[in-house]
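One structure below.
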Amino acid sequence: MKKDDKKSWSLTDFDLGRPLGKGKFGNVYLAREKESHYVVALKVLFKSQILDSEIEHQVRREVEIQCRLRHPNILRMYGYFHDEKRIYLILEYAKHGALYKLLKERGRFDEKTAAIYVRDLTKALMYCHTKKVIHRDIKPENLLIGHNWELKIADFGWSVHSPSSRRMTLCGTLDYLSPEMIEGKPHNYSVDIWSLGVLCYELLVGLPPFEAKDSHQTYTKIRYVIIKYPEFISEKAKDLMSRLLVVNPELRLSLSAVLQHPWILENAPEGV
Ligand SMILES: Cn1ncc2ncnc(NCCc3cnc(NC(=O)Nc4cccc(C(F)(F)F)c4)s3)c21
């Protein structure tokens, strides 16, 4: 995907393929670069959907963050371009699509599969945090599966540099919000550690731990960590989740300690 000759891409450089997903701000399409036949995913964002001022600097920040990240478990962004109505993100194509689709198809994952995803996500988050980037929006919709079935974090559309107190204007699911974010307190990279715990539960159970019929109930469950573990969850898995889903961000297990946790060592030994 080298672009040394031209300084920027345009839509005419690509043959557009089938839609890969539909998002709030725009859709994602399979696309092939005409000259190299390189296959990518093209996310189309409608400028009308997002205030122009906001979108420009947010896309710029996302692109600048993404272009600095190189990790097997982080979806690559190769660049972006825009026309008068839309902004296009040129992304690595993840062959097996979004994790939430796999989860919906299978209901829930066995402990070995879940542990491998949690291990790979932990490694990707450790890498992000060394680059002072908090993702802030870890959830199955933003996790994609590559052609070797490896997990890839995507959509840094909401990521920021740590520490941050930026209000979360996202109106997506509340299930993954940490207590400090709900209370609008300044938050740091440990919000990603909280959401790692939420994700681990959702992979093993098929539902997020704090799901409730209304958002107020979800808030309460999150703030008091009101959580029920089904009996099929192993003691070791419960132990890991209980060390991640801790209200005080300082007391949450560190990402390096996650990789040394017995549940991970037993179910996702290195080299698997
Ligand atoms: C579904 N699917 N299946 C296979 C596959 N392969 C690759 N990608 C897929 N999907 C796209 C994944 C994304 C990666 N990066 C994103 N980035 C983003 O969406 N950024 C973004 C959003 C809203 C607003 C703003 C703005 F403007 F405000 F900044 C920025 S979305 C795939």
Side-chain angles (χ1 to χ4, degrees), residues 1 9 14-33 38-105 117 120-121 124-125 127-128 131 133-161 164 166-173 176 192 195 199:
M1 285 299 283
W9 295 99
F14 299 93
D15 288 317
L16 233 48
R18 69 181 172 89
L20 294 170
K22 305 213 178 308
K24 186 174 180 313
F25 295 99
N27 300 338
V28 192
Y29 298 89
L30 194 55
R32 191 177 68 179
E33 203 273 320
Y38 197 92
V39 172
V40 295
L42 214 51
K43 170 130 189 187
V44 183
L45 297 165
F46 287 95
K47 288 182 178 176
S48 57
Q49 293 276 313
I50 304 164
L51 278 21
D52 277 309
S53 57
E54 174 69 10
I55 184 168
E56 275 304 329
H57 88 83
Q58 201 167 332
V59 174
R60 215 183 302 285
R61 197 198 39 246
E62 174 177 359
V63 169
E64 150 237 316
I65 285 179
Q66 273 268 33
C67 292
R68 279 179 29 224
L69 301 177
R70 291 276 188 290
H71 189 277
N73 298 113
I74 295 178
L75 193 84
R76 285 289 310 283
M77 178 188 282
Y78 301 115
Y80 78 116
F81 56 92
H82 59 96
D83 55 28
E84 71 289 345
K85 287 206 206 73
R86 289 165 290 259
I87 291 192
Y88 304 84
L89 306 177
I90 310 170
L91 301 161
E92 173 189 356
Y93 169 50
K95 181 161 175 263
H96 296 293
L99 181 61
Y100 87 90
K101 276 196 177 152
L102 236 56
L103 184 56
K104 240 213 275 294
E105 281 160 20
Y117 285 145
D120 291 349
L121 179 52
L125 288 175
Y127 175 82
C128 288
K131 298 268 180 177
V133 170
I134 338 174
H135 187 280
R136 293 199 327 165
D137 199 9
I138 297 297
K139 57 187 179 189
E141 292 78 358
N142 289 343
L143 301 174
L144 300 172
I145 306 297
H147 64 285
N148 285 330
W149 296 98
E150 76 280 18
L151 174 136
K152 291 186 182 267
I153 305 184
D155 195 348
F156 286 75
W158 303 102
S159 55
V160 288
H161 288 99
S164 152
R166 250 167 53 85
R167 284 290 307 138
M168 291 285 283
T169 51
L170 91 163
C171 43
T173 170
Y176 278 74
D192 287 339
S195 48
L199 182 90

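Numbering of ligands and ligand atoms starts at 1, following listing order. Only a predicted model underlies this, so the values are computations on that prediction, with no experimental measurement involved.
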ring-ring contact (aromatic ring centres under 6.0 Å, His included) with Tyr88: of Phe14, Phe81, Tyr80, only one passes, and it is Phe81

If we number the atoms of ligand 1 from 1 as shown, the ones under 4.0 Å from a heavy atom of Val28 are 9 (C), 10 (N), 11 (C)

All heavy atoms of Ile153 vs all of Leu143, minimum pair found to be CA-CD2, 4.0 Å

Checking heavy-atom distances from atom 4 (C) of ligand 1 to each of Ala94, Ala98, Gly21, the winner is Ala94

Next on the checklist: Check contact between Glu92 and ligand 1, using heavy atoms of the residue and a distance below 4.0 angstrom.
Outcome noted: yes

ask   = Looking only at atom types and distance, does a side-chain atom of Asp83 sit under 3.5 Å from a main-chain N or O of Lys85, one as donor and one as acceptor?
value = yes

Going by the 4.0 angstrom heavy-atom rule, the piece of Ile87 near ligand 1 is neither

If we number the atoms of ligand 1 from 1 as shown, the ones under 4.0 Å from a heavy atom of Leu91 are 11 (C), 13 (C), 14 (C), 15 (N)

Counting from 1 in the order shown, the ligand 1 atoms closer than 4.0 Å to a non-hydrogen atom of Ala41 are 6 (N), 7 (C), 8 (N)

Gly97 heavy atoms within 4.0 Å reach ligand 1 at atoms 3 (N), 4 (C)

Quiz item: Taking Asn73 for the side chain and Lys152 for the main chain, is one N or O donor matched with an acceptor at less than 3.5 Å?
Solution: no

(message) Is the distance from the ring center of Trp9 to that of Tyr78 below 6.0 Å?
(response) no

Answer yes or no: does an N/O atom from Lys43 fall short of 3.5 Å to an N/O atom of ligand 1?
yes

Arg60/Glu62 ion pair, N-O < 4.0 Å: no

Honestly, for Asn142 the part within reach of ligand 1 (heavy atoms, under 4.0 Å) is neither

Heavy-atom proximity to atom 17 (N) of ligand 1, picking from Glu62, Lys22, Glu141, points to Glu62

Ligand 1 atoms nearer than 4.0 angstrom to some heavy atom of Leu89 are 17 (N), 18 (C), 20 (N)

* Is Lys139 salt-bridged to Asp137, going by a charged N under 4.0 Å from an acidic O? -> yes

- Lys22 side chain vs Val28 backbone, donor-acceptor pair below 3.5 Å: no

